[in-house]
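Structure first, then comments.
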Amino acid sequence: MTFDTQEVLPEQMQFRLDKLRTLEEEGKSPYLLTSCRVTHHAEDIVQDFDKLEETEVRVAGRLMGKRGMGKVSFADLLDRTGTIQIFSRKDNLGEESYGAWQELDLGDLVAVSGQVFRTKTGEVSIRNAEWTLLAKSLRPLPEKFHGLRDTDVRYRKRYLDLMVNPEVRDTFIKRSRIIQLIRRELDGRGYLEVETPLLNTIAGGAAARPFVTHHNALDLDLFLRISPELYLKRLIVGGLERVYEIGRNFRNEGMSTRHNPEFTMLELYEAFGDYHTMMDITESLISKAAEEICGGYEIDYQGTPISLAPPFRRISMIDAVREHTGLDFAVLTSDEEAREAASAYGLEDVGPAMPWGEVLNACFEEYAEDKLIQPTFLIDYPIEISPLTKIKEGTKGRLTERFEIFIGGREYGNAYSELNDPFDQRRRFADQQRRHEAGDEEAQLPDEDFVESLEYGMPPTGGLGIGIDRLVMLLTNQPSIRDVLLFPTMKPLD
RNA sequence: GAUCCACUAGCUCAGCCGGUAGAGCAUCUGACUUUUAAUCAGGGGGCCUGGGGUUCGAAUCCCCAGUGGAUCACCA
């Protein structure tokens, strides 16, 4: 349905369109206005009422409510800060202006000038002395009381969702504040914010299937990045020492309440740090965000009470599995022993060639992961699933200095002491390549240029990645990642 | 990719065992000079997501498709 065709419009739209045509015929088209001066915003007027009482202000926004009483009427004007009531009186505005005001439709954009006062029921209001139509709303708004519920429409037409559901606007304001806070915190620690390529010739730094695109001039297939990791570490080699990037990653995988094909990651690298440094930063970022966004460390996520007060618990993967299954991978040291014990315990899909570390990880994911409700650093991951991570001393090369942080049974971040041995890195890539050739589409492909950079020498470095969308979900108590993405990926309607 | 659920007026939702399509808000007409989801009286508004089928008759039962949601799988 468009306004360009001759087709019959629903009556509410026809009424609105007729009003616009009349204004245009009278030379009063609102679309001719090019600017609008505003002195105050709705929320400021309510907050500073004592100072502003009886002063003249000018506000602008969308008309969200009308309560007509004959020769007097009330309206609610919504701007980016909130709603303010407009009080209009025929005696003040005059016959013509008051009549035109009454003709306005919900959704119209208007500017209003007048004095600030309090009505006799106590509502801070503006006494309408002069007003201007800034834009006509040609379509009826969703209902004022129930708002817009239909998730399909909410995600596809987010502007409507933002207009009529104040809590949605609040969520996205908080998202912005969380990212702002992270930047402030890292900038304060001497980090440099950088940008690295989204178009990659090798999609590295994570285990995931990439999106493929094509560069015409170079006649070259390119991949949308699945992680900025290998570029950021090149910057550490280059001597920038502390770098971070907040940006989009793309992974060609299934969608769920926790997965969107494009999502926002924070990745940071600190030369001369290690995974302990990264734990401190993680704790600091998350707890400070909770304080600032939620007003304290104690939060509720979808009915589960969670304390984000530092320090967070630290437990090794082996200990976590032992705690929840009784299986002790410190004793089950051969691949075969591990497989047999896990199978006997009930773990399904234990492949005949599955190495020790993968069995350990599978046990963790199956039996322990969803038990980690309070924030927990799960540390010391097996080498088989950590191809970019430095080996932990005293583990005979089986474990690495890596952690993931779990809250409410979900992963929020991943960090390690970065592998800086070029020979070892080359071996690990070769191992990954063998897996890729064996059919594992998510195994990482070798990036020889990255290994070459390591040959110039990369200092011992700590690296960290945090899923920003999930963090925002946690701190704004949203059940789905789509509720913290302004425009989540949707199938087209046609 | 699999399974289950949903789709009815601009919005939020009823609609039972198959028998002429309903409510609230919004909208239109009228009344009303301090309302708060204003109130009162009256009116209009429907491709029941789309396509097949069963039936004298389908919003309702069956099949297929579309979109969304949840769970699972993959994954962060």
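What you see is a predicted model; the values in this text were computed from it and never measured. What's counted below: heavy atoms across the whole structure, side chains too, no hydrogens, waters or symmetry copies. Chain identifiers are assigned alphabetically (A, B, ...) following the order of the sequence lines, protein sequences preceding nucleic acid strands; residue numbering begins at 1 within each chain.
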- Item | B/A38 base stacked by A/F74 (centroids within less than 5.5 Å, tilt under 30°) | no

- With respect to the side chain of A/E411, which nucleotide from B/C28, B/A76, B/U71 is positioned closest? B/A76

- Item | Complementary nucleotide for B/A73 - Watson-Crick or wobble, under 3.5 Å | none

- Item | Qualifying salt bridge (Lys or Arg N to Asp or Glu O under 4.0 Å) pairs with a residue from residues 160-169 of chain A, counting only residues at least two apart or across chains | A/R154-A/D161, A/R158-A/D161

- Distance check: side-chain N/O of A/K144 vs OP1/OP2 of B/A38, anything under 4.0 Å? yes

- Message: What contact category does A/R258 fall into here, base, sugar-phosphate, or nothing, at under 4.0 angstrom with non-hydrogen atoms?
- Response: base

- Do any of residues 86-96 of chain A sit with a heavy atom less than 4.0 Å from RNA chain B, and if so which? A/F87, A/R89, A/D91

- Task: Could you check whether A/A206 gets within reach of a base, just the sugar-phosphate, or nothing at all, counting any heavy atom under 4.0 Å?
- Result: nothing

- Whole-Å C1' distance, B/C13 and B/G18: 23 Å

- Query: Under 6.0 Å from the CZ atom of A/R118, do we count more than 12 heavy atoms belonging to anything else shown?
  - Reply: yes

- If you pin A/R251 and A/D150 to their nearest nucleotides in RNA chain B, which one's is more 5'? A/D150

- Item | Ring centre gap for A/F223 and A/F250 strictly below 6.0 Å | no

- Residues A/E253, A/R251: salt bridge by 4.0 Å N-O rule: no

- Task: Could you check A/T489 against A/R67 and say which one's nearest nucleotide on RNA chain B is further toward the 5' end?
- Result: A/R67

- Side-chain contact test, heavy atoms from C-beta onward, threshold under 4.5 Å: evaluate it for A/E262 versus A/F211 and give yes or no. no

- Task: Have a look at A/G467 and say if it touches a base, only the backbone sugar-phosphate, or nothing, with a 4.0 Å heavy-atom cut-off.
- Result: nothing

- Item | Under 3.5 Å on both distances, the Watson-Crick or G-U partner of B/C17 | none

- Separation of the P atoms in B/G69 and B/A59, to the nearest angstrom: 28 Å

- Task: Just compare B/U67, B/U34, B/U12 and give me whichever is closest to any side-chain atom of A/K120.
- Result: B/U34

- Assign A/R154 to base, sugar-phosphate, or nothing according to its heavy-atom contacts below 4.0 angstrom with the strands shown. nothing

- Beyond-backbone contact of A/K136 with A/Y31, side-chain heavy atoms, under 4.5 angstrom: yes

- Query: Counting only side-chain N and O atoms of A/R482, is one of them less than 4.0 Å from OP1 or OP2 of B/A70?
  - Reply: yes

- Query: Do the charged groups of A/R339 and A/E358 touch, with an N to O distance under 4.0 Å?
  - Reply: no

- Task: Pick base, sugar-phosphate or nothing for A/Q85, based on heavy-atom distances below 4.0 Å to the nucleic acid.
- Result: base

- Item | Proximity to the side chain of A/E143 - top-ranked nucleotide from B/A26, B/G24, B/U34 | B/G24

- Task: With heavy atoms under 4.0 Å as the rule, sort A/M490 into base, sugar-phosphate or nothing.
- Result: sugar-phosphate

- Task: Give the intermediate values and the outcome of side-chain hydrogen bond (donor to acceptor under 3.5 Å, both in side chains) for residues A/S73 and A/Q102.
- Result: CA-CA 8 Å; A/S73 67; A/Q102 296 296 83; 3.1 Å; yes

- Item | NZ/NE/NH1/NH2 to OD/OE distance under 4.0 Å, A/D105 and A/K19 | yes

- Nearest-Å distance once atom C1' is located in both B/A21 and B/U8: 9 Å

- Between B/C7 and B/U12, how far apart are the P atoms? Round to whole Å, please. 12 Å

- Item | A/T119 side-chain proximity, nearest of B/U67, B/C11, B/U35 | B/U35

- Message: Using the C1' atom as the point on both nucleotides, what is the distance between B/A65 and B/G24, in whole Å?
- Response: 34 Å

- Message: Heavy atoms from C-beta onward define the side chain here; which of B/A76, B/A73, B/C28 lies closest to that of A/S256?
- Response: B/A73

- Message: Roughly how many Å apart are B/U60 and B/A26, using the P atom of each and rounding to a whole number?
- Response: 31 Å

- Task: Answer with base, sugar-phosphate or nothing: what part of the nucleic acid does A/N260 contact at a heavy-atom distance below 4.0 Å?
- Result: base

- Within the pair A/K19 and B/C28, is there a side-chain N or O less than 4.0 Å away from OP1 or OP2? yes

- Within the structure shown, what part of the strands sits under 4.0 Å from A/G65 by heavy-atom distance: base, sugar-phosphate, or nothing? nothing

- How far, in whole Å, is B/A6 from B/G50 if one measures between their C1' atoms? 16 Å

- Message: Counting the atoms with a prime plus P, OP1 and OP2 as sugar-phosphate, which does A/F263 contact under 4.0 Å by heavy atoms, base, sugar-phosphate, or nothing?
- Response: base

- Taking A/F403 as the fixed residue, which of A/Y412, A/Y416, A/F377, A/Y381 is the one that meets the ring-ring contact (aromatic ring centres under 6.0 Å, His included) rule? A/F377

- Roughly how many Å is it from CG in A/D349 to P in B/C72, rounded to a whole number? 16 Å

- Can you tell me the pairing partner of B/U39 across any strand shown, Watson-Crick or G-U wobble, with both distances under 3.5 angstrom? B/A31

- Item | Partner nucleotide, any strand, of B/U12 [Watson-Crick/G-U, under 3.5 Å] | B/A23

- Task: Could you work out the separation of B/C17 and B/C32 based on their P atoms and round it to a whole Å?
- Result: 49 Å

- Syn or anti: how is B/C40 classified when any glycosidic angle within 90° of 0 counts as syn? anti

- Query: When we call it a touch if two heavy atoms are under 4.0 Å apart, what does A/Q12 touch: a base, just sugar-phosphate, or nothing?
  - Reply: base

- Reckon A/S73 touches a base, only the sugar-phosphate, or nothing at all at heavy-atom distances under 4.0 Å? nothing

- Task: Could you tell me which nucleotide pairs with B/U49 by Watson-Crick or G-U wobble geometry, both distances under 3.5 Å, or answer none if nothing does?
- Result: B/A65

